[in-house]
Amino acid sequence: DGSGVDYECRIMTVGNTIESEIVSRLKNAAEPDVSVTLYQAYPKLAKMEDIVQKAVELGARSIVPFISARCVKKPEDSSRLKRVALSAVKQCGRSMIPEVSDILRFGDVLKRMRAHEKLIVCWEEEEDGSRRDVLWGDLGDVGVLIGPEGGVEAAEVEKLRGSGGVSATLGPRILRTETAGIAVLAAVFYD
């Protein structure tokens, strides 16, 4: 029904319309308990559609494409990304359609991030925080920020920390922007 509930129904009549009665209501098992918003800096080429598709399949509650200092591509309208999200929901058996926001500027993203219980800023230059430390504990509402191909600038990381973000490394290898978010989502939803 779009809110995480599945209905088992009995068809009563079939004609120009179909009438049915609800037999039972169940929480959709494909919907995760943790709410994750993926903040994805807009990548080059047509990678954003793949990122949205995979993020939805893994369980992201919302996806926020944004423009950071090192983004090089001019983004298109986000309506295509919303259709990709709907298609992914149908494919993977979810019952909630994740929000795909309009493409935002970095300053507007900072305002949204303050609402999360935890904000994970994936930064290849981080030396102290590992993803294990950041993902430790009960997670309820999480924001995950992934930078563009050139990475997140140090000044942006400082602003993100000022908004409650915790920077973390994803390990000794630098991942492509289209891989990093998927890796973090897989770790968050692993149970």
Side-chain angles (χ1 to χ4, degrees), residues 1-6 27-123 139-152 156 159-160 163-165 170 175-190:
D1 69 352
S3 68
V5 177
D6 289 342
K27 179 185 179 296
N28 182 287
E31 291 299 331
D33 293 329
V34 61
S35 174
V36 179
T37 298
L38 175 63
Y39 294 92
Q40 174 67 55
Y42 211 87
K44 293 187 283 188
L45 306 172
K47 298 174 185 177
M48 195 66 199
E49 289 182 16
D50 288 338
I51 293 167
V52 168
Q53 179 187 54
K54 302 308 178 204
V56 169
E57 289 176 11
L58 284 167
R61 187 74 44 94
S62 59
I63 298 133
V64 180
F66 72 96
I67 304 298
S68 70
R70 293 184 180 165
C71 287
V72 295
K73 182 177 182 194
K74 271 223 180 262
E76 301 90 32
D77 181 350
S78 62
S79 60
R80 170 84 180 124
L81 298 177
K82 293 173 185 182
R83 290 192 300 273
V84 169
L86 177 59
S87 176
V89 163
K90 292 176 181 178
Q91 188 277 323
C92 70
R94 291 182 65 183
S95 67
M96 294 179 72
I97 302 169
E99 173 203 1
V100 178
S101 81
D102 291 332
I103 300 154
L104 302 177
R105 297 273 169 217
F106 185 75
D108 297 324
V109 168
L110 283 173
K111 294 173 190 169
R112 283 186 71 153
M113 291 178 182
R114 290 186 179 107
H116 298 289
E117 291 173 19
K118 184 173 271 192
L119 175 62
I120 302 167
V121 179
C122 300
W123 190 38
L139 300 175
D141 181 24
V142 179
V144 174
L145 182 129
I146 303 296
E149 284 87 347
V152 183
E156 291 173 323
K159 289 178 182 176
L160 291 162
S163 291
L170 297 181
L175 303 177
R176 292 183 180 272
T177 189
E178 67 269 23
T179 305
I182 305 312
V184 174
L185 290 174
V188 168
F189 293 124
Y190 178 77

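The structure presented is a predicted model; accordingly, all values stated were derived computationally and were not measured.
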**Student:** Under 4.5 Å between any side-chain heavy atoms of I67 and L104, yes or no?
**Tutor:**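 Not in contact.
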**Student:** So, taking the atom named OG in S95 and the one named CD in E31, what distance separates them when rounded to the nearest 0.5 Å?
**Tutor:** 4.5 Å
**Student:** Does the side chain of R83 come within less than 4.5 Å of S79's, by heavy atoms?
**Tutor:**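 Sidechains of R83 and S79: in contact.
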**Student:** Are the side chain of E49 and the backbone N or O of L81 linked by a donor-acceptor pair below 3.5 Å?
**Tutor:**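 No, because the side chain of E49 does not come within donor-acceptor range (under 3.5 Å) of the backbone of L81.
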**Student:** Under the side-chain contact (heavy atoms from CB on, under 4.5 Å) criterion, do K118 and D141 qualify, and how do the steps go?
**Tutor:** CA-CA 7 Å; K118 184 173 271 192; D141 181 24; over 6 Å; no
**Student:** Can you check whether S68 reaches V152 side chain to side chain, under 4.5 Å on heavy atoms?
**Tutor:** no
**Student:** Where do P98 and A60 come nearest, in terms of heavy atoms and distance?
**Tutor:**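 Scanning both residues completely, I find the closest heavy atoms to be CG-O, 3.3 Å.
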**Student:** Write down the atom of Y42, the atom of P65, and the distance for their closest heavy-atom approach.
**Tutor:**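 For Y42 versus P65, the nearest heavy atoms are CD1-CB, 4.1 Å.
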**Student:** Heavy-atom count check: over 12 atoms from other residues, nucleotides or ligands less than 6.0 Å from K47 NZ?
**Tutor:**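 Correct, the count exceeds 12.
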**Student:** Give me the atom names and distance for the closest heavy-atom approach of R114 to S163.
**Tutor:**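 Smallest interatomic distance, heavy atoms only, reads NH2-OG, 3.5 Å.
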**Student:** Tell me the closest heavy-atom pair linking A69 and E156, and the distance in Å.
**Tutor:** N-OE2, 2.8 Å
**Student:** For R94, is there any backbone N or O sitting under 3.5 Å from a side-chain donor or acceptor partner on K90?
**Tutor:**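 Between the backbone of R94 and the side chain of K90 there is no qualifying donor-acceptor contact (under 3.5 Å).
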**Student:** Starting at CE of M48, measure out to CZ of R80 and round the result to the nearest 0.5 Å.
**Tutor:** 13.0 Å
**Student:** Which donor-acceptor pairs under 3.5 Å do the side chains of residues 33-40 make with protein atoms, sequence neighbours left out?
**Tutor:**
residue	atom	partner	partner atom	Å
T37	OG1	S62	OG	2.8
Y39	OH	H116	NE2	2.6
Q40	NE2	T177	OG1	2.7

**Student:** So which atom in C122 and which in L170 form the shortest heavy-atom distance, rounded to 0.1 Å?
**Tutor:**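 In this case the closest contact between C122 and L170 is SG-CD2, 4.0 Å.
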**Student:** State the CE-CZ distance between M113 and F66, to the nearest 0.5 angstrom.
**Tutor:** 5.5 Å
**Student:** Report yes if the side chains of V56 and I63 come closer than 4.5 Å at any heavy-atom pair, otherwise no.
**Tutor:** yes
**Student:** Side chains of V89 and M96, heavy atoms from C-beta outward: is any pair under 4.5 Å?
**Tutor:**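 Not in contact.
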**Student:** I'd like to know if the side chain of E149 and the backbone of K44 have a donor-acceptor N/O pair within less than 3.5 Å.
**Tutor:** yes
**Student:** Could you tell me the separation between the CD1 atom of I97 and the NZ atom of K82, rounded to the nearest 0.5 Å?
**Tutor:** 12.0 Å
**Student:** Where do L119 and V144 come nearest, in terms of heavy atoms and distance?
**Tutor:**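 Heavy-atom minimum between the residues: CD1-N, 4.4 Å.
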**Student:** Dump the intermediate steps for side-chain contact (heavy atoms from CB on, under 4.5 Å) on E99 and R61, then the final yes or no.
**Tutor:** CA-CA 7 Å; E99 173 203 1; R61 187 74 44 94; over 6 Å; no
